[in-house]
Trainee: 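Okay, here's the structure, questions in a sec.
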Amino acid sequence: MKKAFILLVILLFSSHAYAGGLNLFEIFKKDPEITTYLEEVADETKNPDVKIDIFKEIFKEVIEKRINKKFTLVASKDNADIIVKAKILKYNFTKKALPMPISSASLIGDTLEPKSSAILAVNYEVFKAPSGESIFRREFVTEARKAIKYMEGENGFKYAVRANVNRFVFKTFY
């Protein structure tokens, strides 16, 4: 019994130590607003479908529409609480993605209405302004699956960016 209790205590402390540094919730939980400066977006994919201006536009739209925490994108580092750098590592678009065998209902749904898939991998680094101290770095990989008719043209990239930025904000600040 004593060994089980000691093991439980060790697990609790180690899980807290592991999970404690994975996001910025504790740093910004009392701030009513986080002013954000998107400093740099780099494209390492060499994919012509990746558009930096679309990424920046959707980044601004997503963070400013957050409900639980108010974010404001600012035009200068001097007015920011945080500085974000994003590096697009991978973007793959599949016009006719294979059905996902999650459940029989989703498998039937994917078969009846074929989906397109856009996978985006972005490495984000967050710096505390004005010191420039790096406080967070993590890669987020997301997949956007929509019916083929919704993914035409640059819409695949737009859906992928929206999913990726949403995951970044949620996993980083909540």
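As a basis for the values below, the full set of heavy atoms in this structure was taken, side chains included, without hydrogen atoms, waters or symmetry mates.
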Trainee: Could you work out the complete set of other residues in the hydrophobic cluster of V141, with links drawn between I, L, V, M, F, W and Y side chains under 4.5 Å apart?
Mentor: I119
Trainee: Starting at NZ of K85, measure out to CG of L38 and round the result to the nearest 0.5 Å.
Mentor: 11.0 Å
Trainee: Checking E139 now: which residues fulfil salt bridge (charged side-chain N to carboxylate O under 4.0 Å, His left out) with it, not counting sequence neighbours?
Mentor: none
Trainee: As an exercise, state the distance from CD1 of I82 to CD of E125, rounded to the nearest 0.5 Å.
Mentor: 12.0 Å
Trainee: Using a 4.5 Å cut-off on heavy atoms from C-beta on, say whether the side chain of F28 contacts that of F173.
Mentor: yes
Trainee: Side chains of L89 and V122: does their closest heavy-atom pair fall under 4.5 Å?
Mentor: no
Trainee: With sequence neighbours left out, write down each residue that passes ring pair (Phe, Tyr, Trp, His ring centres under 6.0 Å) with Y150, or none if nothing qualifies.
Mentor: none
Trainee: Rest of the hydrophobic cluster containing I67 (Ile/Leu/Val/Met/Phe/Trp/Tyr, side-chain heavy atoms under 4.5 Å)?
Mentor: none
Trainee: Working to the nearest 0.5 Å, report the span between NZ of K87 and CD of E44.
Mentor: 4.5 Å
Trainee: Who else is in the cluster with I83 when I, L, V, M, F, W and Y are joined by side-chain contacts under 4.5 Å?
Mentor: Y37, V74, F127
Trainee: If you look at every heavy atom in S117 and A97, which pair is closest and at what distance?
Mentor: CB-CB, 3.6 Å
Trainee: Can you tell me how far the CD atom of E133 sits from the NZ atom of K128, to the nearest 0.5 Å?
Mentor: 8.0 Å
Trainee: With sequence neighbours excluded, what pairs up with R66 under the side chain to side chain donor-acceptor pair (under 3.5 Å) test?
Mentor: N166
Trainee: With no hydrogens and no angle check, is any side-chain donor or acceptor of K69 less than 3.5 Å from a backbone partner on V169?
Mentor: no
Trainee: Under a 3.5 Å cutoff, is there a donor and acceptor pairing between the side chains of D81 and T35?
Mentor: yes
Trainee: T172: what forms a side-chain contact (heavy atoms from CB on, under 4.5 Å) with it, not counting sequence neighbours?
Mentor: L24, F136, F140, F168
Trainee: Say you draw a straight line from NZ of K96 to CD1 of I148; how long is it, rounded to the nearest 0.5 Å?
Mentor: 5.5 Å
Trainee: Checking K51 side chain against P48 main chain: does a donor-acceptor pair fall under 3.5 Å?
Mentor: yes
Trainee: If the condition is salt bridge (charged side-chain N to carboxylate O under 4.0 Å, His left out), which residues does K77 pass it with, not counting sequence neighbours?
Mentor: E39
Trainee: Looking at A160 and A118, what are the two nearest heavy atoms and their distance?
Mentor: CB-CB, 3.8 Å
Trainee: Return the NZ to NZ distance between K65 and K70, rounded to the nearest 0.5 Å.
Mentor: 13.5 Å
Trainee: What's the verdict on side chain to side chain contact (heavy atoms under 4.5 Å, CB included) for N68 and Y174, showing C-alpha distance, side-chain angles and the deciding distance?
Mentor: CA-CA 9 Å; N68 297 353; Y174 293 96; 3.4 Å; yes
Trainee: In sequence, state the C-alpha distance, the side-chain angles, and the governing distance for N164 and Y124, and then conclude on side chain to side chain donor-acceptor pair (under 3.5 Å).
Mentor: CA-CA 10 Å; N164 197 278; Y124 294 94; 2.8 Å; yes
Trainee: Applying side chain to side chain donor-acceptor pair (under 3.5 Å), name anything that partners E33, two or more places apart in sequence or on another chain.
Mentor: T72
Trainee: Check side-chain contact (heavy atoms from CB on, under 4.5 Å) between D49 and all other residues, then give those that pass, not counting sequence neighbours.
Mentor: N47, Y91
Trainee: Taking only residues two or more places apart in sequence, or in another chain, which ones meet K29 in a side-chain contact (heavy atoms from CB on, under 4.5 Å)?
Mentor: F25, E26
Trainee: Return a table of donor-acceptor pairs under 3.5 angstrom between the side chains of residues 53-63 and protein atoms on other chains or two or more places apart.
Mentor:
residue	atom	partner	partner atom	Å
K60	NZ	E64	OE1	2.9
E61	OE2	R162	NE	3.4
E61	OE2	R162	NH2	2.9

Trainee: Please name the pair of heavy atoms, one in A147 and one in E113, separated by the smallest distance, quoted to 0.1 Å.
Mentor: CB-OE2, 3.4 Å
Trainee: Check whether more than 12 heavy atoms from other residues, nucleotides or ligands sit under 6.0 Å from atom CZ of R137, and answer yes or no.
Mentor: no
